[in-house]
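For ligands, and for the atoms within them, numbers begin at 1 and follow the listed sequence. If you're wondering where the values come from, they're calculated on a predicted model, not measured in any experiment.
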Amino acid sequence: MTKYVYDFAEGGRDMKDLLGGKGANLAEMTNLGLPVPPGFTITTQACQAYLDSGTVPAELAEEVSGHLEVLEVRMGKRLGDAVDPLLVSVRSGAKFSMPGMMDTVLNIGLNDESVAGLTKQSGSARFAWDSYRRLVQMFGKTVLGVDGEQFEHALDEAKKAKGAKTDLELDEHDLQALVAQFQQIVQDSTGAPFPQEPRAQMDLATEAVFDSWNGDRAKLYRRQERIPADLGTAVNVCSMVFGNIGMDSGTGVAFTRDPGSGAQGVYGDYLQNAQGEDVVAGVRNTLPLEDLEGLDKASYDALLAIMATLEGHYLDLCDIEFTIERGKLWMLQTRVGKRTAGAAFRIATQLVDEGLIDMDEALQRVTGAQLVRLMFPAFAAADEQDDDRVLLGKGMGASPGAAVGKAVFDSETAVAWAARGEDVVLVRRETTPDDLSGMIAAQGILTSRGGKTSHAAVVARGMGKTCVCGAEDLAVDLVERTITAPDGTVVREGDVLSIDGTSGVVYLGEVAVRPSPAVEYFEGSLAAEDGDDLVQAIHRVIGHADAARRLGVRANADTQEDAERSRRFGAEGIGLCRTEHMFLGDRRQLVEDLVLAQGGDEQAAALDALLPLQREDFSGILRAMDGLPVTVRLLDPPLHEFLPDIVELSVELAVAEERGETPDAKRVVLHEAVHRLHESNPMIGLRGVRLGLVIPGLFGMQVRALAQAAKELLDAGLDPRPEVMVPLVGAVQELEVVREEAEQILADVGVQALIGTMIEVPRAALTSGQIAESADFFSFGTNDLTQMSWGFSRDDVEASFFARYLDLGIFGVSPFETLDRDGVGRLVRLAVEEGRKAKPELKVGVCGEHGGDPESVHFFHEVGLNYVSCSPFRVPVARLEAGRAALGPA
Ligand code: PEP
Ligand code: MG
C-alpha cells in the first residue's frame, strides 16, 4: 500500500520528490534537533492521485486521522477543541518552490466555539479574535475563492472607523465584529456558511492546495521555469505557533548571507506581534533583523546559532522563516535560498575559500543563465554621463540590474504594452501572485511597500528581473495611475522611468547605461585582478569550467570585429562564418549581374569582380583567428534575398509604362529573372548547395577567395586554418560534386583545408553514414533542422502560434530556443553515431542557435560532439555550461 503521509521526523532533505521542498527541509530540521513545531506532510503522490482521478485517494483520510491523532497526543490538545484547541497551518510545498501555489492557511481549527478556548488558554481575547479573523480571511480567499479585496476593504473600513493606522490598533471587539462581517462575506459569496468543523477545514484546505497545482499562475510559472506539469505538490500540516500573541512575539524572514551580494552577515526582516503572511505581504513595515537583538536577545542569539548550523549543514546560503512565541523561537521553514546571479558566483567561491565545497561543486552552483544576467549593462554614474535623469526617490535595491521603461500600473497593461514591443516598468504598491504575468512582461518592478523579502523582491530575484521595492516616499495611486514624488513631481502612466535594482534609486526619464564588468573582463579591458570580487569569482569559475570541459567552443562570426571579439571571449575558432552578408550593400549589383549574366563571359566577369572583395573579407577573419579553425559556409540563402522585391519592380515598370516612358532595358530583364526565380516556399527552394550546383562558378569563386586569402597569410608566416562548409546538403552526391571542384581549387592555390557539410536537412541526418564518406566534418544546423523536422517556418511561427502552443503545454519552450531532444535530438544522435561509424575521425559540431543555449549544450555534450558554436556574446555561457556538463548532472 502506498504511504501517503509522513511525520516530520520520518523524512529528510533527499525526499523532495515525495515531500516537496518545504516538507523535506522541515523533516531535515526536525532531525537536526532544531525547534520545528510538530506536524506531518501529505505526499506529492497523494496529489498526483487526486489530480489523476479527481478525488482524494480513499486511504488518505484514514492515514491523516492516524497522524493527526499522534499529533494531538503529542501536543496534549485536540484539533479545534472548544476548551483547549490544537490549531494547525496548511501549506503547499512542491519539489520546486513555486510562487503561483496556494498561500498558507493559518489557524485551522478555530470556529465560533474554539475561539473562546483559545481566549482562555492564551489569556488574550484580542489575540484569539485576531487569529480567527485571519483564518476566515485566508480560508475564504484561498480555499473558498472569495475575492480577497472584500476582506481587505472591510478591514480598511474598520481601521478608518477607529482612526487606526495599523491593524494593531484594533481591539478584541473590533476584531470580533470583523469576524462576523467576514463570515457574512463568505456566506454571501459562496452561498454557504463558513465551515465550522475543524477536520473539514483541514481537508478542504488540503484539497485546495492540490487544486492550486493547476491554477493559472502556477501553470504560467512552471512553463517559465520549465518545471514538469505532473509532479504535483505536497501539503504540510504543522501545529501552530503564534507570532501575534503580543509584543514579545513576532515573525520574520532571514538569510544566512545577503542574497543580493553574497556578503556574510545578518540579513532579514522582523515584524512584532504578527503572523507570517504580514511580512511577505508588506502590510506593515518590518524592522531590520539586527533590531531583534535589542528586543529579544535570547531569541536573536538562538536564531544566529541556528543559521550557522544550517549553513554548516546545507553548505550553502539558506533562507529561513521563523516565529517567536512569547520569547520562544520556532523554525517554520528553511531552504537553500534564491539569490541574484552575482551572489551565486560570489557565494560559490566564498564557500570554496571557507573550505566548505570544492571548485567542481562551485561550478555546479552557478548557471549559464546567471552568467547571461551578469553580462547586461548597468546605469552609468551621474558624473560619468550627461542624460536627462531626474531623481524621484529611493527604495530598496531588491534585485539588481538597470531597467528602463514606461511606467504601467497593472499587469494587464504591462502585458499589452510589452506585446506591442514597448519596454515597461511595472509599478505597484505591492505585488501579489496575480501580478506574475505583468512581472514577466516588464523590464523591472517598482513597489512602494514591502521589504527585501516581499513578494515582489523574492519573485523578481528568482526571475532575474530588476526590482526596487519599498520606495515609501513615492506615493503610488493605482486608480489615477500616477506616482507622486516628495517634491510634488507627478509621473503618469507612459512616462519613462529608470530603476536601479542595486542601489534602489528611481529616476524619471531615461538613464544611460554602462557595460557590465563581466563583459569588460571577458573583453580583456578589465584584468581579473583589477576587478571586484564578482569579476574574480567569475574568473575562477570560468577557468575551472575551461579545465573541466570536453566540448570545444567556437563562435558564429562573419566579420573581423566579431571574430576578434569572440576570440577575446574565449572562442577556439569560428564554427560558422556566414557569407551572405558579404553579398549585400554595394555588392548587390554584382549579384544581380551574376544572375542576369548571359553566357560564360558575363558570368565570369561578375565572379571576377566579386573574388577580390571576398578574399579581403576572409583575410581579415583568418587573421583574427590565426592558428584557430575558421569554418566558412558557402552561400546559403535563397537568391531572391539579393534581388529587388518583385512587387516593387513590377510597380516601377507599370508606372513607367503608364507614363508612356520606355522602361530601362536592364530593369525589364531583371524583372523577368526575378519572376523566373520567384518561389512560393523559398526556404525549401533554390538555396544552399542547390544554388552552388545551379550557378556554375559561384562556390568555386568563394573557395578560391578563401584559399587565396589563406595562401597570402601563409606566405606572410601566419597560421590560417580555413575549413569549407557546404550548406543544406541532403544527399552525398551533392556534396561530392562540390567537393571535387573545391579540392581542385585548393590544390591549384596550394592550400589545405577540411571540407565538410552542415547537417540541417532531415535526409542528411538519415543518410549521414553515406555523407560522412565525403565529409571531413559535420556541423549541425539545428535552426534549419528544427524547422524542417517540425515542418514549420522559423521566421513566422514563433509570432503566429507559439504562444498558443506554449499555453497548451505542447512544448514548454520554443524548440528554436532549446533543442527538442526527443525529435530533432534523435536525428542529431543518429547522425553522430552513423557518421562516426563510417568515419571514426569525423569532427562533429553544431552551429545553430542552440549552440549557446545552456540546456542544449548539455545535450551536445552527452551525444559526444567535438564543439558547439554560438554567437560571440554567448561564448562565455557555452564555456561555463560545457564545463558543468562535463561534471555530470548537478
Ligand atoms: C542552421 O540552420 O542552424 C544554421 C546555422 O544556418 P542558418 O541559420 O544560417 O540557416
Ligand atoms: Mg541553415
Trainee: Consider every N or O of Glu580 and every N or O of ligand 1, then say whether any pair is closer than 3.5 Å.
Mentor: no
Trainee: To the nearest 0.5 Å, what is the distance between CD1 on Ile621 and CZ on Arg623?
Mentor: 12.5 Å
Trainee: So, is the end of the Arg554 side chain (NZ or CZ) under 6.0 Å from the ring centre of Tyr867 and within 45° of the ring's axis?
Mentor: yes
Trainee: Using the side chain to side chain contact (heavy atoms under 4.5 Å, CB included) rule, pick out the option among Val595, Leu594, Leu635 that qualifies with Phe642.
Mentor: Leu635
Trainee: For ligand 1, which part of Leu576 has a heavy atom less than 4.0 Å away: the side chain, the backbone, both, or neither?
Mentor: side chain
Trainee: In terms of side-chain geometry, is the basic nitrogen of Glu834 or Lys839 positioned less than 4.0 Å from the acidic oxygen of its partner?
Mentor: no
Trainee: Please verify whether a non-hydrogen atom of Arg633 lies at under 4.0 Å from ligand 1.
Mentor: yes
Trainee: Among the N, O or S atoms that Glu760 has, which is closest to the Mg ion (ligand 2)?
Mentor: OE1
Trainee: Are Arg794 and Asp784 within salt-bridge range, i.e. N to O under 4.0 Å?
Mentor: yes
Trainee: Check each heavy atom of Asn783 against ligand 1 and say whether those closer than 4.0 Å belong to the side chain, the backbone, both or neither.
Mentor: both
Trainee: Could you name the option among His850, Arg794, Glu849 that has the heavy atom nearest to atom 8 (O) of ligand 1?
Mentor: Arg794
Trainee: Against heavy atoms of Met758, which atoms of ligand 1 measure under 4.0 Å?
Mentor: 4 (C), 5 (C), 6 (O)
Trainee: Looking at non-hydrogen atoms alone, which of Asp784, Leu785, Asn556, Val761 comes nearest to atom 10 (O) of ligand 1?
Mentor: Asp784
Trainee: Counting from 1, what ligand 1 atoms have a heavy atom of Cys847 closer than 4.0 Å?
Mentor: 5 (C)
Trainee: Indicate whether any N or O donor in one side chain lies under 3.5 Å from an N or O acceptor in the other, for His850 and Thr818.
Mentor: no
Trainee: For Gln744 and Glu740, which I'm curious about, is there any donor-acceptor pair between the side chains at under 3.5 Å?
Mentor: no
Trainee: For the Mg ion (ligand 2), which N, O or S atom of Asp784 is at the shortest distance?
Mentor: OD2
Trainee: Closer than 4.0 angstrom, basic N to acidic O: yes or no for Arg739 and Glu743?
Mentor: yes
Trainee: Have a look at ligand 1 and work out which part of Arg578, if any, has a heavy atom under 4.0 Å from it: side chain, backbone, both or neither.
Mentor: side chain
